[in-house]
Amino acid sequence: MTALAATGAASLVQTVDWLAIAPVVIPATVALLVLVADLFADDKRKPLLGWISVAGLAAATATLLPLRGEDRSTFCLVADPAVSATSAGTAACSYTADSFTLVIQLLVLGGALVTALLSVTSVRETGMPAGEYWFLLLSSAAGAALLPASRDLATLIVALEVASLPAFALVGLRRGDRMSSEAALKFFLSSVTATAVSLLGVSFVYGATGTLHLALLADRLEDVPGQLDTLAMAGVALTLVGFAFKTAAVPFHFWVPDTYVGAPLPIAGYLSVIGKAVGFTGLILVTVIAFPAYSDIWGPALAVLAALTMTLGNAAALRQSPDRPHSAVRLLAWSSVGQAGYLLVPIAAAAYTERDAIGSTVAYALMYAAVNLGAFAVAALVARTSPANRIADYRGLYHRHPATALAMAFFLLCLAGLPPGIIGLFAKVTVFQSAVDAGLGWLAVVMAVNVVIALYYYLQWTAILFRAPETAEGEAPQAGQAQEAGQAPQRVRTPAPVTVAIALTGVVAVVLSGAPQIVLRFAATSLFPQ
């Protein structure tokens with residue numbers, strides 16, 4: 001009896017691998033440090049909080065390096081530490097740092113770092129409360145970094161909300177701005193509703209299986225009693241709703257354009273990349289690891305969602321007028337909805353080809369993160385002289401900021417999938433191939449049509465960058481003619497953090513186009529242990 005009690009007690013002892021959880025712990029710790037420091041810092045020292053946050057995110061990203069090459073698990077309920085290497089031990093772990101986790105954490109922390117660089121100047125110039133801003137951004141980044149490592153539904157939902165709840169506040173942090181408050185309210189109400197539906201689904205799944213661990217769910221859903229099968233199916237469907245909302249998949253996309261326009265531009269870029277990474281990571285974990293037994297249900301559903309999402313997103317982006325206020329941000333918002341459709345394709349294909357197609361989503365997400373954050377970085381620069389941020393405001397950008405215009409053109413060509421944006425082309429090909437290999441020929445055709453549609457508005461914006469600036473009368477100025485009031489904005493000094501953000505994303509995009517195998521290898525390898 002004593003031996004049994006001792007064994008049971010030992011099985012409840014949580015072993016913590018501090019190195020494995022460092023990418024999550026560091027931003028969370030720095031967030032608390034910044035919040036406390038804000039209480040004692042005077043106004044002159046508030047900018048230091050931003051640089052402390054940048055340093056914290058850089059340190060968290062650096063901790064991914066020693067984690068390469070081996071899979072680590074922690075928070076495991078096992079009696080014998082040696083068992084943790086077995087499938088049984090892994091199944092009882094709530095946190096796993098494997099290849100998939102590290103790649104997504106690199107995307108999340110790297111994206112948060114670029115967002116922080118863009119925010120250093122924005123927070124100072126717009127008068128947003130520095131302590132609250134950096135605390136919320138770091139907290140959201142910590143939750144987003146936790147999500148890909150989560151291996152039970154409870155941790156997964158908690159990570160999802162830790163990533164999302166600070167984002168609501170960040171969107172509405174510009175006090176007195178009606179658009180910002182309205183965007184935050186729409187984002188909050190729709191997200192909370194989706195989360196409530198997901199929690200209901202999780203409760204149904206737990207009621208049918210008696211476990212929350214993803215690997216154990218996969219086994220138990222294979223043999224659900226007949227009287228609980230309907231409950232389990234409903235739970236699977238409802239659980240996916242919350243993650244579909246985060247990906248901005250149709251019909252859960254309606255919050256995107258207004259939220260992006262109302263949010264500070266660095267946060268709009270953050271939501272477009274890290275917010276989507278959170279949603280797609282959650283979808284991958286619950287579908288591929290936890291719910292493969294119901295792939296005949298979620299596979300076709302995600303395929304239809306992918307087709308609807310890419311079609312509606314590209315059609316709405318196509319309708320944006322260059323002269324409409326905030327049309328540049330709105331086009332990027334609708335473009336991100338269309339890109340979400342492409343990212344859904346390999347997840348849907350995984351229902352027919354097991355886990356092999358997931359690498360295509362990861363490869364595409366890495367490309368998309370670099371170039372889309374770069375596009376928002378350029379938008380943040382243009383907004384300094386053109387607060388309306390219309391697409392028409394980018395006319396003549398090459399004459400004012402040649403390097404910035406070239407970077408923006410390269411980002412747009414990558415998103416369009418045209419040379420010299422080779423990484424965008426190859427990433428689209430891998431996604432297209434995953435649909436063909438899965439027998440989803442109709443979805444591949446829909447994707448091909450949408451890629452052609454997207455070419456129009458990406459190329460139109462690219463052409464505007466190199467047109468001559470308009471005079472007040474709408475005519476191009478002669479060489480050496482002085483610009484007058486009402487013309488395109490004059491060249492202004494670019495803040496150093498914004499320059500670094502544009503340069504960093506530009507270098508990453510160029511390197512990936514020159515050596516696409518850096519990310520495309522994920523499309524050919526399994527990121528999960530079989």
Side-chain angles (χ1 to χ4, degrees), residues 46-59 61-62 106-107 109-128 130 133-134 137 141 263-274 328-329 332 367-387 389 391 393-415 420-421 423 461-462 464-466 469 488-514:
K46 296 284 187 183
L48 289 176
L49 300 178
W51 292 112
I52 292 173
S53 302
V54 170
L57 289 168
T61 306
L106 175 63
L107 188 160
L109 295 173
L113 178 59
V114 174
T115 302
L117 287 171
L118 292 175
S119 301
V120 168
T121 303
S122 177
V123 170
R124 184 178 68 250
E125 294 181 347
T126 58
M128 289 184 289
Y133 184 95
W134 294 113
L137 180 61
L265 269 175
I267 299 305
Y270 179 85
L271 292 175
S272 74
V273 173
I274 284 75
V329 178
L332 287 174
M367 178 280 300
Y368 172 76
V371 300
N372 210 59
L373 275 173
F376 271 99
V378 175
L381 174 62
V382 173
R384 294 175 60 81
T385 53
S386 303
N389 218 323
I391 295 175
D393 295 330
Y394 290 74
R395 178 165 185 165
L397 184 62
Y398 180 75
H399 296 267
R400 306 190 301 274
H401 295 277
T404 302
L406 290 173
M408 185 63 170
F410 190 72
F411 296 143
L412 293 173
L413 291 175
C414 284
L415 289 171
I423 185 59
W461 194 350
T462 303
I464 288 175
L465 299 173
F466 299 97
Q490 299 285 338
R491 178 170 181 168
V492 295
R493 181 176 176 272
T494 306
V498 177
T499 301
V500 172
I502 295 173
L504 184 60
T505 52
V507 167
V508 171
V510 170
V511 169
L512 293 183
S513 289

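All residue numbers in this chain count up from 1 along the given sequence.
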Please tell me if the side chains of V123 and W134 come closer than 4.5 Å, counting only heavy atoms from C-beta onward.
-> yes
Measure the shortest side-chain to side-chain distance between V371 and L512 over non-hydrogen atoms and say whether it is less than 4.5 angstrom.
-> no
Quick one: does S122's side chain have a donor or acceptor within less than 3.5 Å of a partner on S119's backbone?
-> no
What residues form a ring pair (Phe, Tyr, Trp, His ring centres under 6.0 Å) with Y394, not counting sequence neighbours?
-> W461
Separation between CG (N372) and OG1 (T505), nearest 0.5 Å, reads 10.5 Å
Check residues 404-414 and write down every donor-acceptor pair under 3.5 Å in which the side-chain atom is one partner and the other belongs to a residue at least two apart or another chain.
none

List for me each residue that meets side-chain hydrogen bond (donor to acceptor under 3.5 Å, both in side chains) alongside T115, sequence neighbours excluded, and say none if there are none.
-> none
Residues that S53 engages under side-chain hydrogen bond (donor to acceptor under 3.5 Å, both in side chains), provided they are two or more places apart = none
What closest approach, in Å, do L265 and A379 show between heavy atoms, and which atom pair accounts for it?
-> CD1-O, 3.5 Å
For a side chain to side chain contact (heavy atoms under 4.5 Å, CB included) with V120, tell me which candidate from P497, P47, P495 qualifies.
-> P497
Please list, chain by chain and in numerical order, all residues satisfying side chain to side chain contact (heavy atoms under 4.5 Å, CB included) with V507, sequence neighbours excluded.
-> V511
Partner residues of V500 under the side chain to side chain contact (heavy atoms under 4.5 Å, CB included) criterion, sequence neighbours left out | L117
All side chain to side chain contact (heavy atoms under 4.5 Å, CB included) counterparts of A112, not counting sequence neighbours = L57, A141, Y270
Which residue pairs satisfy the salt bridge (charged side-chain N to carboxylate O under 4.0 Å, His left out) criterion with at least one member in residues 109-126, sequence neighbours excluded?
-> E125-R384
Test item: Y133 and I267 side chains (from C-beta on) under 4.5 Å apart, heavy atoms = yes
Please report the shortest heavy-atom distance between A116 and V54, naming the atom on each side.
-> CB-CG2, 3.8 Å
Taking side chain as C-beta onward, heavy atoms only, is L397 less than 4.5 Å from I464?
-> no
Return the minimal non-hydrogen interatomic distance between A375 and L332, and the atom names on each side.
-> CB-CD2, 4.2 Å
Here the gap from L504 atom CG to L373 atom CG, rounded to the nearest 0.5 Å, amounts to 9.5 Å
The side chain to side chain contact (heavy atoms under 4.5 Å, CB included) partners of T499 (sequence neighbours excluded) come to T494
Interatomic distance, CG@L118 vs CG@L113, rounded to 0.5 Å, equals 10.0 Å
